[in-house]
Undergrad: 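Let me begin by handing over the structure; questions about it come next.
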Amino acid sequence: MEVEKMDENEWKYHGEGNQSLVVSHCQRCVVLRFLKSPPNQNKTPEEILHHLQNIVDFGKHVMKQFFGENYVHHGEIIQLPLDFVRQLCLKIQPERPECRCDKDMDTLSGYAMCLPNLTRLQPFRLAEHRPILCIEIKPKCGFIPFSSHVSQEIKHKVCRYCMHQHLKVANGKWKRPSKYCPLDLFSGNKQRMHFALKSLLQEAQNNLKIFKNGELIYGCKDDQDCVSDWNELARHLKPFFFPSNGLVSGPHCTRTIVKELIHVITMALLSSTDTCRAGDMKTVPISQGRSYCEASAFNKELVRNGKHKLESSGLPRGCLLYKTLQAQMLDMLDIEGLYPLYSRVEQYLEEFPEERSTLQIDGPYNEAFYEKLLDLSLEDDGTVAFALTKVQQYRIAMTAKDCSIMIALSPCLQDECSEQRPVVLTSKSRFIFSVSVLDLDLKPYESIPHQYKLDGEIVNYYLKNVQAKEDPVMSNLFKENEDCTLVLHKV
Ligand SMILES: O=P(O)(O)O[C@@H]1[C@@H](OP(=O)(O)O)[C@H](OP(=O)(O)O)[C@H](O)[C@H](OP(=O)(O)O)[C@H]1OP(=O)(O)O
Ligand SMILES: Nc1ncnc2c1ncn2[C@@H]1O[C@H](COP(=O)(O)OP(=O)(O)OP(=O)(O)O)[C@@H](O)[C@H]1O
């Protein structure tokens, strides 16, 4: 990219989260990702550069090892003319959702990350003008804590996402709770995955976005009460799934298209398109924790229908969901078991503050940092080294619990598809696809006390306001089915 010739008119607002703001190039498949900070809390250019360098290093040296080379795009740092950045910031300001304007885009340092535009990433370098559909999913935590440090029994039964939904609705973050449960998506069981994806399509919140040719066509922008218009979605998707216009419009057509969409997402999520170094590093056998969540609407429906077998087919080892789950499971002690270890590190740092850099708390996130993460031992010998390893593993797990998966699909003709390219078929179309992971910024060490507090708030709110009011019949049904059989078989 020729930075001297940067023109803000060639870029447009693309999206943002709590930490960064993304603009995309109008023609080329690249984005710029800028850091954000609260007003009047600007970091120095050196601090921004250091932060961005850490993000790139962490992607390159750590997350690529966990997820695989092809899934992770670590990007590169770019220094931009300050005038361009200021003009760009002014240009995109009206596009920004109000709820994200509590933080400002960094316009003072001139540094940003340059990444491939994953919503338009053409799998296998096909022509850039090809139509492309992209589904972004933020799956959140896909397992129930198995740690003996957990103090409240409910945490062994109901997943954090499902409990958190109630607090979020009470706080006004969302108008309605979602029926999505991450344990269904991560189950590897197609029926459960379909249910999870349908629930995301019903109530996208910040867990689902759909882009067509790089433009957001489905998902919440600014509205906590955003309405899911499946007819409108089907209208957008029809040329992808029924190219020869074989389907008439109407509710049947909409349902069919949504079903096809769910099918391609499921197939792409279960596909294995990469291998990675930490590939065989099994954090915990998936069967160790409970593989279903009592609050999942899918599960409740089964129980209501007197079904006692809840299938969890397990995920294929090479797929991105499997890798994400393995990385999430580096949280082996739960925040309740981790917090005392964090305090041990804190105490040590109070005594020896100069040790902070040797311990690599704030980087560098290099090969040495990665190597230290591989010790999965749970035997606490009382050392700072043990505590630090668990703290760093927890930070990786938190990162994997908050990342997003991008699935880019492009229609192809039969003779265009070769054996090396993964292809997914629907009744009337075929797609080549790519799967990537984004937002792999390592969660800060300082966020651990916040995690500890939030965990308590989520659980206490649930116990007080939801579980206490739950239908007693339902609780009895669960008790009867407590020993339900989990059927695990390979996909
Ligand atoms: O704590 P959670 O589970 O609510 O996750 C936060 C996310 O909320 P969510 O529940 O996904 O709507 C939250 O997402 P939103 O800003 O709500 O879209 C952020 O991703 C936040 O990360 P960070 O602290 O800004 O790096 C996330 O915080 P971390 O816990 O990952 O630090
Ligand atoms: N490389 C990319 N290609 C296309 N879109 C991207 C890319 N990176 C980010 N985005 C879009 O920008 C949005 C915000 O980016 P990102 O998730 O990295 O922000 P964040 O502030 O770090 O998020 P969080 O709130 O989870 O901390 C994403 O949800 C995605 O839609």
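Just so you know, ligand 1 is whichever comes first in the structure, and atom 1 is the first atom listed for that ligand. Quick caveat: nothing in here was measured; it's all calculated off a predicted structure.
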Undergrad: So for atom CD, which belongs to Glu446, do other residues, nucleotides or ligands contribute more than 12 heavy atoms lying within a distance under 6.0 Å?
TA: yes

Undergrad: Give, for atom CD of Glu76 and atom NZ of Lys60, the distance between the pair rounded to the nearest 0.5 Å.
TA: 9.0 Å

Undergrad: Looking at atom 17 (O) of ligand 1, what's its closest protein heavy atom, distance included?
TA: Lys173 NZ, 2.4 Å

Undergrad: For ligand 1, does His450 get within less than 4.0 Å through its side chain, its backbone, both, or neither, judged by non-hydrogen atoms?
TA: neither

Undergrad: Can you check whether Phe369 and Tyr365 have ring centres sitting under 6.0 Å from each other?
TA: yes

Undergrad: Note the single closest protein heavy atom to atom 11 (O) of ligand 1, along with its residue, its atom name and the distance in Å.
TA: Lys140 NZ, 2.8 Å

Undergrad: Determine whether the aromatic ring centres of residues Tyr445 and Tyr342 are separated by less than 6.0 angstrom.
TA: yes

Undergrad: Which of the atoms in ligand 1, numbered in the order shown and given with their element, are less than 4.0 Å from a heavy-atom of His164?
TA: 4 (O)

Undergrad: Nearest protein heavy atom to atom 10 (O) of ligand 1, by residue and atom, and its distance?
TA: Lys168 NZ, 2.6 Å

Undergrad: Of all the non-hydrogen atoms in the protein, which one sits nearest to atom 14 (O) of ligand 1, and at what distance?
TA: Lys138 NZ, 3.2 Å

Undergrad: Name the residues in contact with ligand 2, where contact means a heavy atom under 4.0 Å away: which are they?
TA: His14, Glu16, Gly17, Asn18, Gln19, Ser20, Val22, Val31, Arg33, Leu115, Pro116, Asn117, Leu118, Thr119, Glu136, Lys138, Lys209, Phe211, Asp402, Met406, Leu438, Asp439

Undergrad: Out of all atoms in ligand 1, which are within 4.0 Å of some heavy atom of Gln451? Include the element for each.
TA: 29 (P), 30 (O), 32 (O)

Undergrad: Quick test of your reading of the model: are Lys212 and Glu215 salt-bridged, counting only N-O distances below 4.0 Å?
TA: no

Undergrad: With sequence neighbours left out, write down each residue that passes salt bridge (Lys or Arg N to Asp or Glu O under 4.0 Å) with Lys103, or none if nothing qualifies.
TA: none

Undergrad: Over 60° means perpendicular and under 30° means parallel, so classify the ring planes of Phe211 and His14, tilted if in between.
TA: parallel

Undergrad: Which class fits the ring pair Phe431 and Phe240: parallel under 30°, tilted 30 to 60°, perpendicular over 60°?
TA: parallel

Undergrad: Compare Gln19, Arg100, Gln205 and give the one whose heavy atom is closest to atom 24 (O) of ligand 1.
TA: Gln19

Undergrad: Does atom NZ (Lys198) have a neighbourhood of more than 12 heavy atoms from anything else shown, all under 6.0 Å?
TA: no

Undergrad: Should you measure from each heavy atom of Asn18, which atoms of ligand 1 turn up under 4.0 Å away?
TA: 16 (O), 23 (P), 25 (O)

Undergrad: Is Asp106 salt-bridged to Lys43, going by a charged N under 4.0 Å from an acidic O?
TA: no

Undergrad: Heavy-atom distance to atom 1 (O) of ligand 1: which of Arg160, Lys443, Lys103 wins?
TA: Arg160

Undergrad: Do Ile405 and Leu269 have side-chain heavy atoms sitting under 4.5 Å apart?
TA: yes

Undergrad: Hey, which atoms in ligand 1 end up nearer than 4.0 Å to a heavy atom of Asn206?
TA: 9 (P), 11 (O), 12 (O), 14 (O), 15 (P), 17 (O), 18 (O)

Undergrad: Measure the shortest side-chain to side-chain distance between Tyr180 and Asp184 over non-hydrogen atoms and say whether it is less than 4.5 angstrom.
TA: no

Undergrad: So Tyr339 and Tyr452, would you call those rings parallel, tilted or perpendicular, with 30° and 60° as cut-offs?
TA: parallel

Undergrad: List the closest protein heavy-atom neighbour of atom 27 (C) of ligand 1: residue, atom name, distance to the nearest 0.1 Å.
TA: Asp402 OD2, 3.6 Å

Undergrad: Under 4.0 Å from any heavy atom of Leu454, which atoms of ligand 1 are there?
TA: 1 (O)

Undergrad: Answer with side chain, backbone, both or neither: which part of Asp441 has a heavy atom less than 4.0 angstrom from an atom of ligand 1?
TA: neither

